[in-house]
Number of protein chains: 2
Amino acid sequence: MNPSKAGASGVRPPRRTGPDIKAIPFNSSTDGVAVSLLSDAERHQLALIASIAHLKPASVLYEAGDPAEFLYIIIHGAVKTVRRLAGRKRAITAFLFPNDLVGLAAEGRYINTAVALAPLTVYRMPVAGLERVLLRNPELEYHFLCKVCHELREAQRHAISLGRKSAAERIAMLLHMLEHRQPPDMRDGEIALAMSRSDIADYAALSLESVSRTFRALQRGRIIAVRDKRHVRILDRARFEQLASTP
Amino acid sequence: MNPSKAGASGVRPPRRTGPDIKAIPFNSSTDGVAVSLLSDAERHQLALIASIAHLKPASVLYEAGDPAEFLYIIIHGAVKTVRRLAGRKRAITAFLFPNDLVGLAAEGRYINTAVALAPLTVYRMPVAGLERVLLRNPELEYHFLCKVCHELREAQRHAISLGRKSAAERIAMLLHMLEHRQPPDMRDGEIALAMSRSDIADYAALSLESVSRTFRALQRGRIIAVRDKRHVRILDRARFEQLASTP
DNA sequence: CGTACAGTTGATGATCATCAATCCCTGTGG
DNA sequence: CCACAGGGATTGATGATCATCAACTGTACG
């Protein structure tokens, strides 16, 4: 029970945002939009043990090494999961968005630190209760399984990106992911960046300076336009997609 | 029951190799040894739909893009999962060992190609039947969930390795993983490499040449001894662990 | 109006990829 | 038995990419 600064206010289910996917085992759509949305019945089950918490940007959901007492589902906002490396280096293993699962543990402890990137609303579920609920609701558990599979694929994509792609390609892939995962408050086709350049560097395994230079290079190539440090627009869709293409 | 080419020789459970872990939600041990081993009852449930297949080294379990009809659990042997990248480059997303799950799909299709590295024995489960079984056996499903969580953490570790570690550290981390995951037929503390240098290169996101040079450098530093291309021994445990340390 | 922090830009160097030549091992056929 | 072919692996030389160090700019905030 890590109260932190965010008050866990009552139990109120989030609004329904889309249809379920059930038929295809361990499946998920590529962009994660329609993944792991819960049925009303499933939400009701979770509501029995979950509370809703609101957190301010930069607040910490949990710290690496803490006993893993809660699992979170993002309702609104964005989260980064950070790991400290040797010599004050940091790695961001994932950016997470609405409907994503946060707080997977190993040996009862969190393996990284989760930090809110924006005003955040989450379901907060004690793991002990969650295990009981899952074991009584195989379909709900199946949704969790699908969700974790999706995060696994995302992590593999990330690994390929870091290992085999150039700086420009990594940045393009990140922008591509953000474009597809962030809720459409990007009017006019603009991509809103919830994170700092430094966070981008830690995610893409680049130096801060390289991120900066890469953004500039993409601008000079007329591939993107950077209106403001937090707002990017795609100018040359074809070349952008080619850079961001996963294969 | 899908006989297929590999003789589905009746339903015969693999020998028990360790105790289950149940109490800790979404948990797994670090080295994966005691992860996702099934109880007799659970194995019995899986046996209703699974067949056992034997495959020769270098044979293909499935190809990327194929409809995902089966999920596999490795009983004996090792598997690599390969993805083709642009320009005849390849990436190996994972090496998988006994008790690992192979064949997670996206949108009903496999996203990479799975190839046997050694004589291989697998459980082979049609996904349609598997979904039914899982929905009726929440505890079994929970084991699958834990297993996928473990693979997720492994993928994240891999991503950090590729993004932030030197060639020597990547190789050391791979050797470290092999040492902990491969069954103890490495007598005398030797690590048996089931894969070629080329596979190591594709896993570590290095060139073939860099892998070679890195092995040599580790030898010259008296950190490892390479008896044969497939057998390595740790000479300086302290420095080895330091290189391989995850942080 | 300065202090602080995030970001940009430039110069230099380390790491690793690439190209190319050679070696080693295994199997094959004379 | 030997020679040879072919793939895997090694070694060396050169170059590209990106990290690092350092200086500087902008912007928010006291």
Side-chain angles (χ1 to χ4, degrees), chain A residues 57-58 80 85-92 115 117-118 160-175 192-221 224-232 243, chain B residues 57-58 80 82 85-92 115 117-118 160-175 193-221 224-232 243:
Chain A
K80 61 178 174 182
L85 303 182
R88 92 157 52 87
K89 291 189 191 302
R90 302 181 315 146
I92 291 183
V115 181
L117 286 171
I160 289 174
S161 159
L162 300 191
R164 295 298 194 181
K165 303 290 190 169
S166 70
E169 289 169 318
R170 288 184 224 176
I171 297 298
M173 285 177 75
L174 172 60
L175 293 176
L193 309 184
M195 66 292 296
S196 69
R197 292 290 192 269
S198 175
D199 284 338
I200 293 175
D202 291 337
Y203 179 81
L206 293 169
S207 68
L208 192 54
E209 297 93 326
S210 285
V211 172
S212 205
R213 279 186 256 267
T214 303
F215 269 96
R216 181 144 284 289
L218 291 174
Q219 285 178 80
R220 272 200 301 262
I224 66 172
V226 179
R227 196 182 31 130
D228 148 314
K229 295 167 215 318
R230 301 280 177 143
H231 294 273
V232 169
L243 280 176
Chain B
K80 61 178 174 181
V82 185
L85 304 182
R88 91 159 53 86
K89 290 189 191 303
R90 303 181 316 146
I92 291 182
V115 182
L117 285 172
I160 289 174
S161 159
L162 300 192
R164 296 297 193 181
K165 302 291 189 171
S166 70
E169 289 170 318
R170 289 183 224 176
I171 297 299
M173 285 178 73
L174 172 60
L175 292 177
L193 309 183
M195 66 291 296
S196 68
R197 292 291 192 268
S198 175
D199 284 338
I200 293 175
D202 291 338
Y203 178 82
L206 293 169
S207 68
L208 190 55
E209 297 92 329
S210 285
V211 172
S212 206
R213 279 185 257 268
T214 302
F215 269 97
R216 182 143 283 291
L218 290 174
Q219 284 178 82
R220 272 198 302 261
I224 66 173
V226 178
R227 196 177 33 126
D228 147 314
K229 296 170 213 319
R230 302 279 178 144
H231 294 274
V232 170
L243 281 177

Q | Pairs meeting criterion salt bridge (charged side-chain N to carboxylate O under 4.0 Å, His left out) with involvement of residues 203-217 of chain B, two or more places apart | A |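 Qualifying pairs, neighbours excluded: none.
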Specify the separation, in whole Å, of atom [atom1] of [X] and atom [atom2] of [N].
X: B:Phe215; N: C:dC23; atom1: CZ; atom2: P; answer: 23 Å
X: A:Ile171; N: D:dC18; atom1: CD1; atom2: C1'; answer: 13 Å
X: B:Asp228; N: D:dG8; atom1: CG; atom2: P; answer: 16 Å
X: A:Asp199; N: C:dC5; atom1: CG; atom2: C1'; answer: 14 Å
X: A:Lys165; N: C:dC16; atom1: NZ; atom2: C1'; answer: 18 Å
X: B:Glu169; N: C:dT15; atom1: CD; atom2: C1'; answer: 12 Å

Q | Contact state string [nucleotides 19-26 of chain D, B base, S sugar-phosphate only, - no protein heavy atom under 4.0 Å] | A | SBBB----
Can you name the residues that form a side-chain contact (heavy atoms from CB on, under 4.5 Å) with [X], not counting sequence neighbours?
X: B:Ser198; value: B:Arg90, B:Ser196, B:Asp202, B:Leu208
X: A:Ala118; value: none
X: B:Ala201; value: B:Val211
X: A:Ser212; value: none

(Q) I want to confirm an ordering. Mapping A:Ser166 and B:Arg216 to their closest nucleotides on DNA chain D, which one lands closer to the 5' end? (A) B:Arg216
Q) Between A:Lys165 and A:Met173, does a side chain to side chain contact (heavy atoms under 4.5 Å, CB included) hold up when you go through it step by step? A) CA-CA 10 Å; A:Lys165 303 290 190 169; A:Met173 285 177 75; 4.1 Å; yes
Q. Does B:Arg197 have a side-chain nitrogen or oxygen under 4.0 Å from the phosphate oxygens OP1 or OP2 of D:dT10?
A. yes
